[in-house]
Each structure stands twice: as C-alpha cells, then as structure tokens.
Asks: 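Could you have a look at this structure, given as structure tokens, before my questions?
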4 protein chains.
Amino acid sequence: MSSEKQPRKSRRDRRREELKNAAIEIFFEHGYHAAKVSQIVERVGVAQGTFYLYFEGKQQLFSELISDFLELFVSTVADWEPGDINSRKVLRQELTRVGLSVTRVLLDNKKVTAIFFRESQAVAPELNTLIRHSYEMLLAMLTDFNRILCKRGLIAEMNFRVLATMTVGMVERIIVERIVHDTLKDAEPEEIVEHLVLHYMAGTSDIVDESLS
Amino acid sequence: MSSEKQPRKSRRDRRREELKNAAIEIFFEHGYHAAKVSQIVERVGVAQGTFYLYFEGKQQLFSELISDFLELFVSTVADWEPGDINSRKVLRQELTRVGLSVTRVLLDNKKVTAIFFRESQAVAPELNTLIRHSYEMLLAMLTDFNRILCKRGLIAEMNFRVLATMTVGMVERIIVERIVHDTLKDAEPEEIVEHLVLHYMAGTSDIVDESLS
Amino acid sequence: MSSEKQPRKSRRDRRREELKNAAIEIFFEHGYHAAKVSQIVERVGVAQGTFYLYFEGKQQLFSELISDFLELFVSTVADWEPGDINSRKVLRQELTRVGLSVTRVLLDNKKVTAIFFRESQAVAPELNTLIRHSYEMLLAMLTDFNRILCKRGLIAEMNFRVLATMTVGMVERIIVERIVHDTLKDAEPEEIVEHLVLHYMAGTSDIVDESLS
Amino acid sequence: MSSEKQPRKSRRDRRREELKNAAIEIFFEHGYHAAKVSQIVERVGVAQGTFYLYFEGKQQLFSELISDFLELFVSTVADWEPGDINSRKVLRQELTRVGLSVTRVLLDNKKVTAIFFRESQAVAPELNTLIRHSYEMLLAMLTDFNRILCKRGLIAEMNFRVLATMTVGMVERIIVERIVHDTLKDAEPEEIVEHLVLHYMAGTSDIVDESLS
DNA sequence: CATGAATGAGATTTCATTCAT
DNA sequence: GATGAATGAAATCTCATTCAT
C-alpha cells in the first residue's frame with residue numbers, strides 16, 4: 001500500500017509480524033487451546049505485556065491469522081482472471097493455472113493451512129461465522145462459474161451448487177492430505193492438480209449417458 | 001447387539017447412554033471446550049461425581065463419541081457387500097445403494113456428525129491419531145476398490161489414491177453442507193447421491209481423451 | 001426464618017458466613033482494593049476455588065456486605081414503631097430510644113460500618129446506585145416524619161427535606177467519629193444520642209425568633 | 001498568588017495545571033481506580049511518559065488534588081476573620097457570610113468536591129492520615145469557637161466537641177446532597193445556608209429547657 | 001451406586017512506571 | 001523536555017476431577 005521512501009515496514013509492523021509468526025509456530029505445534037501466550041512471547045523474546053500492545057488477546061490473534069488465511073486464499077482464487085474460455089482445452093489450461101497458484105500459496109503457508117483445517121472451527125462462534133461467510137462466497141463464485149460454463153456449452157446441465165460443493169470438497173481433502181498430513185508424496189503437485197482438473201471436467205462433460213439408462 | 005436374557009440394557013448401560021446423549025447435545029451446542037461437565041450432568045439430573053462413575057473424564061467421553069461415530073461410519077461402508085460388479089450400470093446401482101445407506105446413518109446422527117467435522121481434530125493428539133487411522137483405512141479401502149474396478153475395465157487407469165482422496169473430499173463437503181450447515185435444501189438426498197455417483201463415475205471413465213491433447 | 005428442627009444453619013450457610021466474616025476483617029484491614037481473595041480464603045482455611053462456590057467474585061461479595069449493612073441500618077430505623085407522639089417530651093424519648101437502637105447495631109458492626117463510610121462509594125457504580133437508593137429512602141422517610149411533626153405542632157414550619165438532610169449528616173459524622181475513628185471517647189453513647197436529639201429538637205422549635213429580626 | 005515579573009505562569013506550570021484539570025475530569029468520570037493515566041494524558045494530548053515529568057505517579061497526583069482541596073476549604077474557613085461577635089445577631093450574620101463563602105468555593109470546584117467525598121478515603125493510608133489531620137484541625141477550631149461563644153454567653157454550655165462534630169456533619173451532608181448529587185435544587189444556596197445557621201444557633205441556644213424535665 | 005463440596009493448578013490480562021532515543 | 005514502546009508483577013477466576021460421606 002504505502003511504500004516508496006519510508007522503511008518497508010514500521011518498527012511496529014515488524015514486531016507485530018514477529019509475534020504473528022511465532023504464534024503460527026506455537027498454534028501449529030500445540031493447537032490453539034494448549035498454546036500459551038507465554039510461549040509465543042518467549043519465542044520472540046519480549047515481555048508478556050508486550051503481546052497485548054499488539055493484539056487484544058489470544059483469541060483475537062487466532063482470528064486474525066485465520067482471517068488472513070481466508071483472505072489470501074479467496075483473493076488468490078478471485079484474482080484469477082481467466083482469458084476467454086471458449087473451449088474445454090482452454091478451460092483445462094486455465095483451471096490448471098489457478099490450481100497451481102493456489103498450490104503455491106498453500107505450500108508457502110503450510111502451518112496456517114494445517115491450523116485452519118484442524119481447528120479453526122473449534123475456537124469461537126464469531127470466527128465460525130467468518131469462515132462460513134468465506135465458504136458461502138467461494139461456493140457462490142463457483143456455482144456462477146459453472147453456470148456460465150454450461151451456457152457456453154462447456155459443461156452439462158446439472159445442479160451447479162452441488163457441483164461447486166463437490167469441487168470444493170475434492171480440493172480441500174487433497175489439500176489436507178498433501179499439505180497437512182504429508183501424504184500423496186509420490187505425486188507431484190502438477191500431477192495432483194491435473195487429476196483434480198480432469199476429474200472436475202470429466203464429471204461435468206456431456207457424455208454421462210449412463211445416467212440415462 | 002447383546003440381549004437375550006437380561007433386560008435389554010442394564011440400568012448402568014442406560015444411564016451411560018443418557019449421559020452420552022446429553023453430552024452430544026451439549027458438545028453440539030457449545031463446542032467441546034466451552035462445554036462443561038456440570039452442564040452434562042445437569043441435563044441428566046445426576047450429581048457431578050456420578051459422571052466419573054461412567055467415564056474417565058470429559059475427554060475420554062468425547063473420544064468415545066467420536067470413536068463410536070467413526071466405527072458406525074466405517075462399518076456402514078464396510079458392511080456393504082456389493083454383488084458382482086461387472087458393469088458400470090451395476091456399479092452405479094451399488095454406489096447409489098451404499099450412498100443412501102450412509103446418508104441415512106448420518107441423518108440419524110446429525111449432531112455427532114456436526115461435532116465430528118467441526119472439532120474432532122482440535123481436542124487431543126491421541127484422538128487425532130485415531131481419526132487419522134480411520135481415514136487411512138477408508139482411503140486404503142477406496143484405493144483398493146478403485147484398483148479392482150480398473151482391473152475389471154470399469155474405470156480408467158490413474159492414481160487411485162488421489163482418486164480415493166478426491167472422492168472422500170467430495171462426500172465430506174457434501175455432508176458438511178447438507179447435514180451440518182443445512183444448505184443444499186433444494187436437493188433431495190437421492191438427487192445429491194446421484195450427483196456424487198455420476199460425478200465419480202464420469203470422472204473415472206475412459207473417455208477423458210481431452211487430457212491427451 | 002426457617003428453623004425449628006433442622007440445624008440452625010446449613011453447612012453451606014455456615015461456610016458462607018465464615019467467608020463473609022473473614023472478608024470483613026480483610027476489607028477492614030487493607031481496604032477493598034488492597035484486599036486479596038487469597039487472604040480471605042487463607043483466613044478461613046479453604047482453597048481459592050472454594051470462594052467462588054459461594055460468591056461470584058470479590059466485588060459481588062463486597063456489594064453484598066454493603067447491601068446487608070444498609071438493610072440492617074434501614075430496617076433498624078424502619079422497625080421503629082413510635083408510640084403516639086403527642087408532645088415534645090414523648091418525641092424526645094422516642095428519638096432517644098431509636099438513637100440507642102441504632103447505636104447498638106453499629107457498635108455490633110464496627111468494621112462494616114467503617115468499611116461502609118470509608119469506601120463503599122469507591123468500588124462500583126452499581127453499588128453506588130444501591131447506596132444512593134437507600135439514602136433517598138431514608139431522607140424521604142425523615143422528610144415525611146418532619147412534616148407530620150410539624151402538622152402536630154411539634155416542630156416549626158421549614159424546608160423539611162433540608163432538615164432531614166442536616167439530621168442525617170449530624171448522625172453520620174457522629175457515627176464516623178465515634179465508631180470509625182474512635183474519637184469522642186469521653187462521651188458515653190447516651191450522652192451523644194442526647195446531644196443529637198436535643199440539637200435536632202431545639203433546631204426545630206418555634207422559638208427561632210432571632211431569624212425574624 | 002505569585003506573579004510580578006515572569007509570565008503569569010511558566011510553561012511548565014501551565015502544562016502541570018492542564019494535567020491536573022484533565023485528571024480531575026477523569027477521576028470524576030471513572031473514579032480513582034478505574035481512571036487510567038493513559039486517559040489523562042490522552043485528554044491533554046501528550047505522551048504517557050510526559051506525565052511522569054510532572055508527577056511522581058497517579059497516586060501522588062490524586063493526593064495532591066485532595067490536598068489542594070483540603071487546603072482551599074480549610075483556608076476559606078480560616079481566612080474568615082469575624083468581626084467582634086458580641087450578639088447572636090452578629091453571630092448569625094457572620095456565620096451566614098462564611099457559609100456563603102464556602103458555598104461559592106465548592107460550587108467552583110464541584111468535581112473535586114465530588115471526588116473528595118466519594119473516594120478520597122479509599123485510595124491510600126497516607127492520604128487518609130492527611131485527611132484525618134484536616135478533620136481534626138477543623139473540629140478543633142470549631143470546638144474552640146464554640147467554647148468562646150459560650151464564654152461570651154452566646155451559646156449554652158454543652159459538649160463542644162460533640163457540637164462541632166454535629167455541625168461538620170450537617171454541613172457535609174448538605175454539600176454532598178447539593179453539590180455531588182444535585183438534589184435540594186428547590187432551595188437556593190442562601191436558603192440552605194440560612195437553615196444551617198439557624199439550626200446551629202437554635203440548637204445551641206439556652207432555651208432548651210425541655211431537656212431538664 | 002450416588003453425592004456434591006472442595007480442590008488447586010495455572011493462564012490470561014492489566015496498567016503504572018521506566019528509559020533509551 | 002518529550003516520547004511511547006516495553007516492562008513484568010501479580011491477581012482474578014475457571015472447572016475438571018476427587019473423595020469422604
């Protein structure tokens with residue numbers, strides 16, 4: 001936002017960042033409830049009180065981390081400006097592109113990703129509302145996207161919301177397995193994304209004639 | 001399960017059941033950490049100390065609930081004894097059948113389902129291990145299943161573990177939306193299951209020739 | 001209230017009483033803000049947590065003490081059922097009687113009295129409201145009383161509310177000096193009460209002719 | 001007080017004054033314990049550290065405010081140089097005069113007055129000692145004054161210390177009601193002072209023959 | 001079996017005060 | 001003189017669990 005002359009980040013911002021990073025480590029290692037503010041400040045090397053100069057409390061900090069994560073994720077998806085998708089081939093290329101972007105972002109934020117999927121829902125009702133809101137947005141975006149693709153004849157007619165939901169689920173579980181649990185190590189990100197894209201596309205193609213029988 | 005001579009359930013077992021049910025309500029309403037043992041016993045109308053005659057503690061009870069849920073889920077899937085799947089048509093019918101079984105079970109246990117997906121991972125490391133174990137099992141089963149189907153020429157060659165993972169994800173997210181968040185209300189369970197099955201099957205069919213380009 | 005067969009006070013009530021008495025000591029010795037809950041429980045010999053089984057917290061306990069005190073004081077005054085006051089002589093006797101009652105009550109509760117006058121207003125706004133309420137009541141009662149006496153020709157016409165206010169003040173300061181600060185030791189309670197009564201009566205008598213000049 | 005050459009007040013003195021006034025506002029609004037140094041400096045628009053260039057700390061500032069108030073009050077009373085009081089009529093005039101002086105001073109310092117009566121005793125033992133000292137002085141002065149009046153035959157023989165105490169109480173409660181709680185609004189200061197004076201004088205007149213019966 | 005009063009460890013949070021710049 | 005980030009001591013309160021009755 002503001003930059004140019006002045007130092008990239010003010011002293012204040014840097015300290016804040018330090019605390020957030022330490023918090024991510026601690027939350028990742030112990031989980032929200034077992035994590036102590038004392039552990040966070042100890043890792044940064046500041047006094048207990050300092051923490052409260054930067055955050056309202058442990059919960060607010062956690063919410064902020066989750067909120068940041070959601071924003072990063074959603075904006076990565078939303079920033080995606082697909083070219084003119086006029087063929088299934090282009091669609092496949094575009095989906096692969098956005099899939100790899102998301103993958104990169106998540107791999108760069110493994111710990112927050114893990115924290116998010118592990119326990120973001122188990123901390124505070126307000127936070128749940130926020131998370132829910134992001135899901136609704138994402139699902140709405142995808143549902144619309146599906147509808148457009150259908151109009152262009154690229155995917156078949158179906159319940160687009162259900163399709164969007166399934167898509168989100170596929171992606172989520174893949175993320176959790178690969179990034180949180182470190183499984184699927186035999187497959188490269190590229191291969192996995194390709195599977196996701198192909199599965200999505202095949203599942204939406206017209207040639208689902210079996211269902212007619 | 002066990003019955004025959006003695007009264008259906010001993011007094012002890014009934015009280016235990018009562019406490020578990022009360023716990024489900026309370027955990028559902030407040031979440032594990034905000035739930036108090038005092039609230040659970042109050043709902044049943046027994047004294048605080050009584051709780052500890054039936055359970056080792058709050059966490060053990062929670063683990064038991066999750067464990068029960070996992071067993072129920074896994075056994076519902078495992079009990080499924082598919083006939084001879086020798087055509088994609090039969091496959092579709094069988095998948096639909098098992099999908100509806102699972103749906104029924106989950107709808108009968110909405111609250112535990114919600115608890116499971118919301119916060120089962122945020123309680124204790126031991127429990128996480130248990131849950132992880134179930135996932136591994138499920139994924140292994142599905143991976144094998146996919147491999148068999150492929151051998152029989154019913155689905156295409158691909159990374160079966162990734163396919164299994166995507167499948168689990170699709171189903172999970174659908175469950176969460178429909179059962180935990182009460183969305184997708186415009187679609188009947190039957191329709192949803194059909195979407196899942198068709199999507200799974202289409203995504204596995206041979207006709208994924210686009211990927212060759 | 002309830003008695004007869006069962007023990008005068010339940011175990012619970014006795015423990016509560018113990019804690020209240022200990023609290024009075026501690027509040028008296030250190031003042032509200034310097035008083036620690038740990039000191040209170042230590043004096044009784046119970047664990048820290050026990051305190052919170054009986055009171056919502058330190059402030060609620062303090063409020064309760066003040067509230068008890070006010071109730072005791074007001075009821076002592078209100079319970080006073082003066083006989084037919086038809087002469088200044090009877091009036092004087094009656095006032096002396098009630099004055100001695102109040103004196104007795106306060107001497108029996110020296111420490112709470114001291115706490116009340118020292119810092120009851122400096123703890124919480126809600127409590128201030130309660131205290132204010134009691135003052136309003138007391139002043140209203142006295143104002144009415146003065147009006148009646150005037151109608152009966154026992155005291156002169158004047159601003160009865162101002163008179164009531166002055167009366168309350170006289171009594172209060174006397175209480176504070178005698179009971180809280182242990183001064184005025186050369187005068188017996190009887191003498192002091194007599195001074196108060198005579199001063200009140202003289203100040204209300206018709207013979208204030210000087211003011212006419 | 002001090003002036004002549006230098007600017008009315010040095011920059012330092014003016015800033016000090018600003019802080020004291022801000023403190024009065026904050027203490028009045030929130031009470032001593034709830035008042036934060038940060039609020040005081042914020043109101044003046046200086047940094048937190050600046051506060052400590054002018055005062056030793058929060059408590060010292062509070063003590064200074066109370067001390068100023070006491071000095072102002074006592075000096076207002078002490079500055080009173082009564083003419084030759086040789087008749088009850090002159091006495092009445094003189095008392096009225098001093099009463100109105102005091103009234104004026106208090107009305108000019110409503111907030112400190114409120115602070116003083118609400119919680120000056122609940123802050124620190126040292127301060128209590130100071131306050132106590134002022135009371136003793138005031139009571140001694142009044143006791144002496146009463147003794148002199150008696151010698152001159154202007155008031156009756158009685159326990160002069162008790163009389164002084166009652167007098168102080170009357171005045172205090174009137175102040176609290178009128179200035180702190182804003183009641184007694186139907187009576188003008190003049191009327192109230194007159195009531196006080198007349199009540200005092202009547203209560204001290206010889207004609208208290210009823211007490212003899 | 002049932003009770004429920006008592007326990008007590010320990011984490012969060014506040015805010016007056018300091019001091020290097 | 002002025003700043004304001006950092007300090008850190010210390011107190012309240014919670015609640016799962018125990019155990020004597």
Side-chain angles (χ1 to χ4, degrees), chain A residues 10-12 14-16 19 33-42 44-61, chain B residues 10-12 15-16 32-42 44-62, chain C residues 10-12 14-16 19 33-42 44-61, chain D residues 10-12 15-16 32-42 44-62:
Chain A
S10 69
R11 192 157 328 195
R12 188 178 168 79
R14 258 178 296 147
R15 169 90 356 140
R16 210 163 183 285
L19 283 164
H33 282 96
K36 309 299 165 213
V37 171
S38 61
Q39 296 173 309
I40 296 171
V41 296
E42 191 185 19
V44 176
V46 295
Q48 192 94 348
T50 304
F51 180 88
Y52 294 89
L53 295 176
Y54 295 91
F55 306 99
E56 279 160 45
K58 180 178 148 182
Q59 189 180 111
Q60 183 266 316
L61 166 56
Chain B
S10 69
R11 191 159 323 181
R12 187 177 169 80
R15 170 128 308 173
R16 209 164 184 285
Y32 177 78
H33 282 97
K36 296 170 199 162
V37 172
S38 63
Q39 295 174 308
I40 297 172
V41 297
E42 191 185 20
V44 176
V46 296
Q48 192 103 345
T50 303
F51 181 88
Y52 293 87
L53 297 174
Y54 294 91
F55 306 99
E56 279 160 44
K58 180 178 157 181
Q59 191 180 111
Q60 181 267 314
L61 165 56
F62 186 83
Chain C
S10 69
R11 193 158 327 192
R12 186 175 170 82
R14 258 178 296 148
R15 168 91 352 141
R16 209 163 185 285
L19 283 164
H33 282 97
K36 309 299 166 211
V37 172
S38 61
Q39 296 173 309
I40 297 171
V41 296
E42 191 183 21
V44 176
V46 294
Q48 191 95 348
T50 303
F51 180 88
Y52 294 90
L53 294 177
Y54 295 91
F55 307 99
E56 279 159 47
K58 180 177 149 181
Q59 189 180 110
Q60 182 266 315
L61 165 57
Chain D
S10 69
R11 190 158 325 181
R12 185 175 171 82
R15 170 127 309 176
R16 207 164 185 288
Y32 176 78
H33 282 97
K36 295 170 201 163
V37 172
S38 62
Q39 294 174 309
I40 297 172
V41 296
E42 190 186 21
V44 175
V46 297
Q48 193 102 345
T50 304
F51 181 88
Y52 293 87
L53 298 174
Y54 295 91
F55 306 98
E56 279 160 45
K58 178 178 158 182
Q59 190 179 115
Q60 181 268 314
L61 165 56
F62 186 84

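Letters A, B, ... are given to chains in the order of the sequence lines, protein chains preceding strands, and every chain is numbered from 1.
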Asks: Under 3.5 Å, which donor-acceptor pairs link side chains of residues 50-57 of chain A to any protein atom two or more places apart or in another chain?
Replies:
residue: A:T50; atom: OG1; partner: A:A47; partner atom: O; Å: 3.3

Asks: Heavy-atom contacts under 4.0 Å between residues 50-58 of chain C and DNA chain F, which residues?
Replies: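 Output list: C:Y52, C:G57, C:K58.
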Asks: Considering only E:dT7, F:dG8, E:dA5, which nucleotide approaches the side chain of C:A47 most closely?
Replies: E:dT7
Asks: On DNA chain E, check which nucleotide each of A:Q48 and D:Q48 is closest to and give me the residue with the more 5' one.
Replies: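 The residue whose closest nucleotide sits nearer the 5' end is A:Q48.
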Asks: Could you say whether A:G49 or B:G49 is positioned toward the 5' end of DNA chain F, judged by the nucleotide with the nearest heavy atom to each?
Replies: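 On the 5' side of the pair lies A:G49.
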Asks: Using atom CZ of A:R14 as one end and atom C1' of F:dA5 as the other, report the distance to the nearest whole Å.
Replies: 14 Å
Asks: Is DNA chain E part of any stem, that is, at least 3 consecutive Watson-Crick or G-U pairs with both distances under 3.5 Å, and where?
Replies: E:2-21 with F:2-21
Asks: Near DNA chain F, counting only heavy atoms under 4.0 Å, which residues of residues 33-42 of chain C show up?
Replies: C:A35, C:K36, C:V37
Asks: Could you pull out all residues at least two apart from B:Q60 that satisfy side chain to side chain donor-acceptor pair (under 3.5 Å)?
Replies: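 B:Q60: side chain to side chain donor-acceptor pair (under 3.5 Å) contacts with B:E64.
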Asks: Give the minimum heavy-atom separation between A:K58 and A:H33, together with the two atoms involved.
Replies: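 For A:K58 and A:H33, the tightest heavy-atom pair comes out as NZ-O, 3.6 Å.
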Asks: Can you name the residues that form a side chain to side chain contact (heavy atoms under 4.5 Å, CB included) with C:Q48, not counting sequence neighbours?
Replies: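 For C:Q48, the residues satisfying side chain to side chain contact (heavy atoms under 4.5 Å, CB included) (neighbours in sequence not counted) are C:V37, C:S38, C:V41.
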Asks: Tell me whether the side-chain N/O atoms of B:R15 come closer than 4.0 Å to OP1 or OP2 in E:dC1.
Replies: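 It does not, given that no N or O in the side chain of B:R15 lies less than 4.0 Å from OP1 or OP2 of E:dC1.
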Asks: Measure the spacing between CD of C:E42 and NZ of C:K36 and express it to the nearest 0.5 Å.
Replies: 13.5 Å
Asks: Picking from E:dC1, E:dT7, F:dA2, which would you name as closest to the side chain of C:V46?
Replies: E:dT7
Asks: Checking B:R12 now: which residues fulfil salt bridge (Lys or Arg N to Asp or Glu O under 4.0 Å) with it, not counting sequence neighbours?
Replies: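 Residues passing salt bridge (Lys or Arg N to Asp or Glu O under 4.0 Å) with B:R12: none at all.
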Asks: Whole Å only: how far is the CZ atom of A:R11 from the P atom of E:dA20?
Replies: 15 Å
Asks: So which atom in A:V46 and which in A:L19 form the shortest heavy-atom distance, rounded to 0.1 Å?
Replies: CG2-CD2, 4.4 Å
